[in-house]
Amino acid sequence: MQFTSSRRRCVAHQAVGHCRSFISALALLGSCLLVGQAAALDRPNIVLIVADDLGWSDLACYGADLHETPHLDRLALAGVRFSEGYAAAPVCTPTRAALMTGKHPARLHMTIWREAAAEPPRDRALLPPVVERDLSYADRTLAEILHDAGYATLHVGKWHLGGPEHFPEAHGFDINIGGNIWGAPATHFFPYRVPGNRERRYVPGLVGGKPGEYLADRLTEEALRLMDAAEGRPFFLNLWHYSVHTPTEAPQAEVEHFRGKLRPELRHQNATYAAMVKNLDANVGRLLRYLDEKNLAANTIVIFTSDNGGYTVPSRQLPNLPVTNNAPLKSGKGSLYEGGIRVPLIVRWPGHTAAGRVCDQAVTSTDLYRTIAEVAGTPPDLNDAQLQDGLSIAQILKNESARLGERDLFWHYPHYYPTTTPCTAIRQGSWKLIDYHETDSRELYNLREDPGEEHDLASANPEKTATLYARLKRWREDVGAQMPTKNPLVQNDQQ
Ligand SMILES: [Ca+2]
């Protein structure tokens with residue numbers, strides 16, 4: 001089965017408005033197994049788990065105090081834990097687009113999620129740019145290159161990369177369970193929607209279920225079944241959990257457990273969120289146990305990360321309590337301070353990664369495209385633009401002394417969020433500059449000395465500020481980054 005444009009259109013149409021049964025999903029996968037490329041039996045399976053809005057310090061192995069994450073901590077002890085792993089963007093959609101294409105979100109013109117792109121604020125000093133709302137067909141996605149290399153390509157969970165004609169089936173995935181236009185479910189409990197209140201959100205591909213069923217549990221169940229169905233063929237499992245994004249809801253017994261643990265001195269204070277994190281961890285543990293029991297673990301690379309920093313704003317469910325706290329990092333989701341963009345990144349690649357390593361090299365989710373392509377032994381038959389923004393980190397996974405070499409990292413968020421106004425940032429070595437568009441002002445930090453970004457050095461170090469600002473502006477021009485414009489209505493009000 002080939003994924004031509006017409007197939008994209010056809011499959012996407014099928015996905016609209018109804019849930020495909022699991023049986024028919026298996027039948028589709030089965031038919032995909034019978035055709036196409038020769039099976040590449042010796043290739044490693046690839047499991048990419050992306051948590052939603054999980055903060056850098058939300059895992060115990062990254063310093064969480066209230067939270068309990070024994071399975072992810074063990075995964076880190078069996079592989080490489082990156083202390084300076086970054087999301088490509090401070091919000092969902094752009095990071096996910098970078099994962100799928102290897103291109104910087106600014107180059108894709110996908111710098112905010114779809115719903116927000118449709119309704120930008122009109123009452124702020126700047127008007128955000130009009131951005132792309134759907135993942136383009138122009139770039140070969142990670143799923144497409146792996147599909148063409150003989151992999152079963154399995155998407156489970158959140159997608160959030162466009163409308164019905166841009167769902168996972170249209171971008172190289174044999175199967176899609178759970179992914180559609182929405183960035184979050186109406187509720188994490190079955191049936192994952194709230195009928196009768198005009199709530200249109202739904203999670204597709206989930207047939208059956210019972211009251212009390214929790215979404216991350218169910219998605220893990222579906223992932224295990226799909227891996228079973230791919231028997232005999234290497235698989236790429238793209239498991240993008242909706243958890244731990246809002247709504248902040250978790251099984252009650254776990255919430256009570258964490259309420260009993262709360263102490264004023266703890267960094268984390270949200271028992272419901274702690275229960276969500278624990279459930280996510282347990283589901284990762286369940287998947288790892290499956291790989292062990294099926295004797296797949298030795299030939300499977302497992303990558304775990306998050307799409308942006310932790311959400312430091314109270315959620316509707318608990319209006320007086322921030323969802324999480326990214327300390328010692330500053331701020332959270334939406335912001336280009338470290339709390340908005342630095343995320344957990346753990347990679348276990350048996351036979352290649354030494355156990356228990358902590359790597360302090362700065363890497364970004366944009367790197368995972370080329371990394372996974374290299375792990376799969378897939379020649380990167382990519383357009384030039386897809387080779388510019390990310391590096392393969394395979395060598396630093398395999399070799400503790402390998403270095404990525406000098407390169408600058410960039411983030412571009414020309415939008416508003418409760419934690420920020422429009423801005424762009426560059427990291428060069430230990431230096432980081434944030435350029436705020438509203439005020440045309442810069443902040444400069446030395447991350448190695450000041451990871452909490454408490455001491456703005458822009459005035460004290462004007463030379464470094466000017467150098468990084470010039471580099472940042474050059475990069476914005478190189479990638480065609482979209483910029484906000486002045487809002488004449490707000491200017492008039494101020495006069
Ligand atoms: Ca997110």
Side-chain angles (χ1 to χ4, degrees), residues 48-59 62 72 85-101 104-105 108 110-117 131 133 135 155-162 168 178-188 201 203 215-216 219 238-250 270 273 276-277 279-280 283-284 303-317 322-326 329 331-345 364-366 368 411-413 415-420:
L48 174 59
I49 306 172
V50 179
D52 197 353
D53 289 10
L54 184 76
W56 181 75
S57 54
D58 275 341
L59 304 182
Y62 280 86
L72 283 160
Y86 286 100
V91 295
C92 308
T93 295
T95 295
R96 293 160 190 273
L99 283 169
M100 275 298 116
T101 64
H104 196 286
L108 292 165
M110 293 184 82
T111 47
I112 196 168
W113 69 101
R114 182 186 179 88
E115 300 94 305
V131 302
R133 301 172 65 196
L135 188 66
H155 177 83
V156 179
K158 173 169 168 171
W159 179 245
H160 213 199
L161 285 174
N180 63 1
I181 195 170
W182 304 110
T187 166
H188 286 276
R201 290 168 188 253
V203 181
L215 182 54
L219 292 177
N238 195 49
L239 177 54
W240 288 5
H241 275 294
Y242 283 95
S243 198
V244 292
H245 195 291
T246 57
T248 311
E249 303 169 328
N270 190 322
Y273 183 74
M276 292 184 84
V277 173
N279 173 275
L280 174 71
N283 276 296
V284 173
I303 303 170
F304 176 89
T305 192
S306 176
D307 66 341
N308 51 253
Y311 190 58
T312 50
V313 176
S315 64
R316 203 179 307 160
Q317 294 72 37
V323 169
T324 194
N325 176 351
N326 302 307
L329 304 182
S331 194
K333 178 178 181 178
S335 169
L336 295 189
Y337 291 124
E338 294 290 291
I341 52 177
R342 206 191 283 194
V343 291
L345 174 62
T364 172
S365 40
T366 313
L368 294 180
W411 297 266
H412 184 59
Y413 188 71
H415 309 279
Y416 289 92
Y417 200 77
T419 53
T420 193

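Values below: every heavy atom of this structure, side chains too, minus hydrogens, waters and symmetry copies. We count ligands from 1, going down the list as the structure has it; atoms in each ligand are counted the same way.
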Note to self: Using side-chain heavy atoms (C-beta onward) and a distance below 4.5 Å, is Ile112 in contact with Thr93?
What the structure shows: no

Looking at Asp53, the N/O/S atom that lies nearest to the Ca ion (ligand 1) is called OD1

Check: Do Thr101 and Leu135 touch side chain to side chain, with heavy atoms closer than 4.5 Å?
Finding: yes

So does His245 have any N/O/S atom less than 3.0 Å away from the Ca ion (ligand 1)? no

(request) Using only heavy-atom distances, determine whether the side chains of Gln317 and Thr246 contain a donor-acceptor pair under 3.5 Å. (result) no

Report yes or no: does Asp307 contribute a side-chain atom to a donor-acceptor pair with the main-chain N or O of Asp53 at less than 3.5 Å? yes

Mind checking whether the Ca ion (ligand 1) has an N, O or S of Asn308 under 3.0 Å?
-> yes

Closest to the Ca ion (ligand 1), among the N/O/S atoms of Asp52, is atom OD1

